[in-house]
Amino acid sequence: MEVRLVLKAAGFICLDMVGIPGNLTVLLFLCYLRLSDGRLLPNDVILSKLAFVNLVVVLCRGIPQALTALGIQNLFGEYGCKVVIFTYRIGRAMSICIPSLLSCYQCIVIAPGSTRWMVLKQRVPRSIPLIILLLYGLNFMLCPAGFVYASTVPNSTIPEYTLNLEFCIVAFPDFKAFMANGVVHIIRDFVFVGIMAGAAIYIVQILYHHRKQMRGMHGSDRNQKKTAEASKSLLMLVAMYVILFGLDNVMWVYTLCVTRVHPAVNDTRVFFASCYSALSPVFIIATNQKFAARLNCFSHGQEENNGTTVTTVSHIPAGL
């Protein structure tokens, strides 16, 4: 077996082993919260959608890539390729859009209580399902190439302007279609990652001013510690996201500059794009205070003690 295939199989098997149980754990935990508490907070609703699309990404890309590297061919037929690749592209797109939505929601939660922000504080939580539905609609319109041009790997030579995933291909008819598809995806990624980064900067700024205001007040040490933890967690999330999708987009730009893309380049690009979906649940479980509180209850046999800590991915303290 080639060294490339060994590394590919090992890498994607590791992603599958982390991403599938990790995202399932987050989904099952949030289902448990829904059943035990009777409802989910808006940020938990967003987290559940994020875990679902992350799971879709790992299943639709991690497993086929690993099986192909192990020598299993002809995984899908013509329509199977179209469905799997289109589903993956929608999942990947939503794995970018949903964290941006979460960051914007956190901005609204901790924003000052001015009239403008109060309107958003009242309307946005009720509108989250609609916003997510609109994001799905947007990405359905931006990702038709995954269904239209996907097909099985031909026995003959791979044509120009083709993304060769080895279990399926996406063969564009000409340079214009190839370039247009690539540019649209780059613009979408940069817009939503930019929104997420901007929201993170705003949140850190609000937390910093809050820490200054709380300095010298009763209980300020505890609040300052929470603020520092919130800032650290948020910056870690954004940094991980920007680095992984930045690498993905750098390699995507490279694929737009050549007529035939080597499978190793596609493997590397897809690996970086899938890393966030696999590592995101690990980050959520490790830094989410509600997860820690419930797990602590389970470990002491006190499931009835549900805890009262407000949960966010970025550990934003309530009431700022």
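FYI, side chains are in, hydrogens and waters are out, and symmetry mates aren't considered; it's all heavy atoms of this structure. Numbering of residues begins at 1 and proceeds along the displayed sequence.
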- Query: Between OH of Tyr276 and CZ of Phe283, what distance do you get to the nearest 0.5 Å?
  - Reply: 8.0 Å
- Mind listing the closest non-hydrogen atom pair of Tyr149 and Pro173 along with its distance? CE2-CD, 3.4 Å
- Message: Testing the basics here: between Ala199 and Cys104, what is the closest heavy-atom pair and its distance to 0.1 Å?
- Response: CB-N, 4.2 Å
- Find the distance between CZ (Arg92) and NE2 (His185) and round it off to the nearest 0.5 Å. 8.0 Å
- Taking the side chain as C-beta and beyond, is there a heavy-atom pair between Leu138 and Arg188 under 4.5 Å? no
- Message: Any heavy-atom pair between the side chains of Tyr105 and Ile46 that's under 4.5 Å?
- Response: yes
- Message: For the CG atom on Asn74, are there more than 12 heavy atoms of other groups (residues, nucleotides or ligands in this structure) within a distance under 6.0 Å?
- Response: no
- Please answer whether the main-chain N or O of Ile108 pairs with a side-chain N or O of Lys121 as donor and acceptor at a distance below 3.5 Å. yes
- Task: Search all heavy atoms of Arg89 against all heavy atoms of Cys143 and return the closest pair with its distance.
- Result: O-SG, 4.2 Å
- Message: Any non-hydrogen side-chain atom of Lys49 less than 4.5 Å from a side-chain atom of Val53?
- Response: no
- Shared ILVMFWY cluster between Val193 and Val250, side chains joined below 4.5 angstrom? no
- Mind listing the closest non-hydrogen atom pair of Leu70 and Ala9 along with its distance? CD2-CB, 3.9 Å
- Linking I/L/V/M/F/W/Y whenever their side-chain heavy atoms sit closer than 4.5 Å, directly or via other members, would Val184 and Ile96 fall into one cluster? yes
- Message: Please report the interatomic distance OH(Tyr202) to SG(Cys107), rounded to the nearest 0.5 Å.
- Response: 6.5 Å
- Taking side chain as C-beta onward, heavy atoms only, is Pro159 less than 4.5 Å from Phe172? no
- Identify the two heavy atoms, one from Val282 and one from Ala278, that lie closest to each other, and give their separation to 0.1 Å. CG2-O, 4.0 Å
- Message: Donor-acceptor pair, distance only, cut-off 3.5 Å: does the side chain of Asn164 make one with the backbone of Glu166?
- Response: yes
- Task: Decide side chain to side chain contact (heavy atoms under 4.5 Å, CB included) for Ser151 and Ile169; before the verdict, give the C-alpha distance in whole Å, the side-chain angles of both, and the deciding distance to 0.1 Å.
- Result: CA-CA 6 Å; Ser151 63; Ile169 64 170; 3.4 Å; yes
- Query: Are Phe175 and Tyr254 in one and the same hydrophobic cluster, where Ile, Leu, Val, Met, Phe, Trp and Tyr link if side-chain heavy atoms are under 4.5 Å apart?
  - Reply: yes
- Message: Is there a side-chain contact between Cys168 and Val84 in this structure, where contact means two heavy atoms from C-beta onward sitting under 4.5 Å apart?
- Response: no
- Message: Just checking Met179: does its CE atom have more than 12 heavy atoms from other residues, nucleotides or ligands closer to it than 6.0 angstrom?
- Response: yes
- Query: Would you say Asn139's side chain and Leu135's backbone share a donor-acceptor pair under 3.5 angstrom?
  - Reply: yes
- Item | Note, Arg61 side chain near Leu165 side chain (heavy atom, < 4.5 Å) | yes
- Task: Drop me the distance from Ile98's CD1 to Phe52's CZ, to the nearest 0.5 angstrom.
- Result: 9.5 Å
- Query: Do Phe86 and Phe140 have their ring centres less than 6.0 Å from each other?
  - Reply: yes
- Message: Can you tell me if Tyr136 has over 12 outside heavy atoms packed within less than 6.0 Å of its OH?
- Response: yes
- Item | Partner of Val3 by side-chain contact (heavy atoms from CB on, under 4.5 Å), out of Leu5, Leu7, Val6 | Leu7
- Determine whether more than 12 heavy atoms belonging to other residues, nucleotides or ligands lie under 6.0 Å from atom NZ of Lys82. yes
- Ignoring hydrogens and geometry, is there a side-chain-to-backbone donor-acceptor pair from Ser280 to Ser277 under 3.5 Å? no
- Taking the side chain as C-beta and beyond, is there a heavy-atom pair between Cys275 and Leu15 under 4.5 Å? yes
- Do Phe192 and Ile186 sit in the same hydrophobic cluster, where Ile, Leu, Val, Met, Phe, Trp and Tyr count as joined when their side-chain heavy atoms come under 4.5 Å apart? yes
- Report yes or no: does Ser274 contribute a side-chain atom to a donor-acceptor pair with the main-chain N or O of Val58 at less than 3.5 Å? no
- Query: Any donor and acceptor pair, going by atom type alone, linking the side chain of Trp252 with main-chain N or O of Gly182 inside 3.5 Å?
  - Reply: yes
- Message: Please say yes or no: joined through hydrophobic side-chain contacts below 4.5 Å, possibly via intermediate residues, are Ile63 and Val18 part of one cluster?
- Response: no
- Quickly, which of Thr162, Leu163, Val148 forms a side-chain contact (heavy atoms from CB on, under 4.5 Å) with Val170? Name it, please. Leu163
- Are side-chain heavy atoms of Asp44 and Leu33 found at a separation under 4.5 Å? yes
- Task: Check whether any side-chain N or O of Asp248 sits under 3.5 Å from a backbone N or O of Val270 as a donor-acceptor pair, and report yes or no.
- Result: no
- Do the side chain of Asn54 and the main chain of Leu50 share a donor and acceptor less than 3.5 angstrom apart? yes
- Would you confirm whether Arg34, through its side chain, and Gly38, through its main-chain N or O, come within 3.5 Å as a donor-acceptor pair? yes
- Task: With rounding to the nearest 0.5 Å, note down the distance linking CG in Leu30 to CG in Leu47.
- Result: 6.0 Å
- Query: Once you round to the nearest 0.5 Å, how far does CG of Leu247 lie from CZ of Arg269?
  - Reply: 12.5 Å
- Closest contact, heavy atoms only, Ser103 versus Ile203: O-CD1, 3.8 Å
